[in-house]
Amino acid sequence: PYRPGSSIRSLIDEGVLSRSFQELTSTHLPLDRPLYSHQEKSIRKVSSGRNVIVATGTGSGKTESFLLPILDSLTKEKDGDTLGPGVRALLLYPMNALANDQLKRLRKLLADYPDITFGRYTGDTVQDKAKAIELFKELNIDEPILPNELLSRDEMRESPPNILLTNYAMLEYLLLRPEDTSLF
């Protein structure tokens with residue numbers, strides 16, 4: 001078992017995470033559930049401006065170690081009225097399957113927080129918004145389309161998401177293709 005650490009509420013009370021971060025908490029991100037010690041340490045270091053490397057076992061919550069500080073930074077931008085379109089965080093995965101898993105997690109975490117936008121840009125991402133919506137409905141039966149999830153390449157080029165999920169092969173294309181420069 002992994003050593004328990006502080007809860008999100010404790011980190012908010014200490015000022016490590018912003019007060020508005022509690023607006024993100026839900027059954028998918030409980031306010032009072034203890035984090036693991038390595039998650040807490042990572043969040044503390046990132047919030048103080050340090051870089052971190054988290055190396056721990058499968059299922060140990062490595063994602064929260066970097067995702068919670070990202071979400072905290074975005075909530076701070078929202079509080080300061082500076083959160084607009086534009087990539088603030090790039091979540092880079094070696095395979096589409098991992099990016100897709102993270103996308104599902106973001107849908108749950110951000111379902112009630114529409115101010116933070118996100119999108120997955122891979123080879124599977126459809127160009128046209130209408131076709132992307134149609135495909136989403138086919139693949140995600142009974143799941144709502146969130147207003148903050150950008151489903152198509154056109155949407156992301158027009159108004160880049162705050163959190164962009166992709167893979168390293170697509171990132172190379174995104175950085176080289178003139179039509180994708182608006183993302184960065």
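Since this is a predicted model, take the numbers as computed values, not measurements. Note: hydrogens, waters and symmetry copies are ignored here, and every other heavy atom, side chains too, is used.
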Please report the interatomic distance [atom1]([X]) to [atom2]([Y]), rounded to the nearest 0.5 Å.
X    : Y    : atom1 : atom2 : result
K137 : L135 : NZ    : CG    : 12.0 Å
K129 : E155 : NZ    : CD    : 4.5 Å
L74  : T82  : CG    : OG1   : 9.5 Å
Q102 : L98  : CD    : CG    : 9.5 Å
K45  : R50  : NZ    : CZ    : 5.0 Å
F118 : L71  : CZ    : CG    : 10.5 Å

Q: Sequence neighbours left out, what passes side chain to side chain donor-acceptor pair (under 3.5 Å) with T75? Give chain and number order.
A: S18
**Q.** Those residues that, when tested against S6, pass side chain to side chain donor-acceptor pair (under 3.5 Å) (two or more places apart)
**A.** E40
Scan for salt bridge (Lys or Arg N to Asp or Glu O under 4.0 Å) pairs involving [range], sequence neighbours excluded, and state none if there are none.
range            : value
residues 54-68   : E64-R105
residues 86-103  : E77-R88
residues 2-21    : R9-D32, D13-R19, E14-R44
residues 158-168 : none

(Q) Checking side-chain polar atoms at under 3.5 Å, does S152 have a donor or acceptor matched by the opposite partner on D128? (A) no
Q) Does atom CD of E172 have more than 12 heavy-atom neighbours, drawn from other residues, nucleotides or ligands, at distances under 6.0 Å? A) no
Q. Above 12 or not: heavy atoms from other molecules or residues under 6.0 Å from CG of N140?
A. yes
Name all residues meeting the side chain to side chain contact (heavy atoms under 4.5 Å, CB included) criterion together with [X]; count only those two or more places apart in sequence or in a different chain, and write none if there are none.
X    : result
N100 : N96, R120
P85  : S159, P160
P178 : none
E134 : E138

Taking distance alone, no hydrogens or angles, what donor-acceptor pairs closer than 3.5 Å link side-chain atoms of residues 54-61 to residues at least two apart or in another chain?
from : atom 1 : to  : atom 2 : distance (Å)
T56  : OG1    : S60 : OG     : 3.4
S60  : OG     : G57 : O      : 2.5

Q) Got D72 and S20 here, is their nearest side-chain heavy-atom distance under 4.5 Å? A) no
Q | Minimum side-chain heavy-atom gap R177-L174 below 4.5 Å | A | yes
Side-chain donor/acceptor of [X] to backbone N/O of [Y], under 3.5 Å:
X    : Y    : result
S42  : S65  : yes
T166 : L92  : no
S182 : R157 : yes

Q: Please step through side chain to side chain contact (heavy atoms under 4.5 Å, CB included) for the pair F184 and L164, ending with a clear verdict.
A: CA-CA 10 Å; F184 303 104; L164 178 66; 4.1 Å; yes
Please table the atom pairs, donor to acceptor, closer than 3.5 Å between any side-chain atom in residues 141-151 and protein atoms at least two apart or in another chain.
from : atom 1 : to   : atom 2 : distance (Å)
N148 : ND2    : L110 : O      : 3.2
N148 : ND2    : Y113 : O      : 3.1
N148 : ND2    : I116 : O      : 2.9
E149 : OE1    : R107 : NE     : 2.7
E149 : OE2    : R107 : NE     : 3.3
E149 : OE2    : R107 : NH2    : 2.9

Do you reckon [X] sits in the same ILVMFWY cluster as [Y], going by side-chain contacts under 4.5 Å, direct or chained?
X    : Y    : result
Y121 : L103 : no
L106 : L68  : yes
I43  : I8   : yes
L83  : V87  : no
Y168 : Y173 : yes

Q: Apply side chain to side chain donor-acceptor pair (under 3.5 Å) to N167 and T122, showing your working.
A: CA-CA 7 Å; N167 58 56; T122 66; 5.1 Å; no
Q | Contact summary for L91 and I163, nearest pair of heavy atoms | A | CD1-CG2, 3.7 Å
Q. How are the rings of Y36 and Y2 set relative to one another: parallel (under 30°), tilted (30 to 60°) or perpendicular (over 60°)?
A. tilted
Q.
Whether K78 and D115 form a salt bridge (side-chain N of Lys/Arg under 4.0 Å from carboxylate O of Asp/Glu) is what I want to check.
A. yes
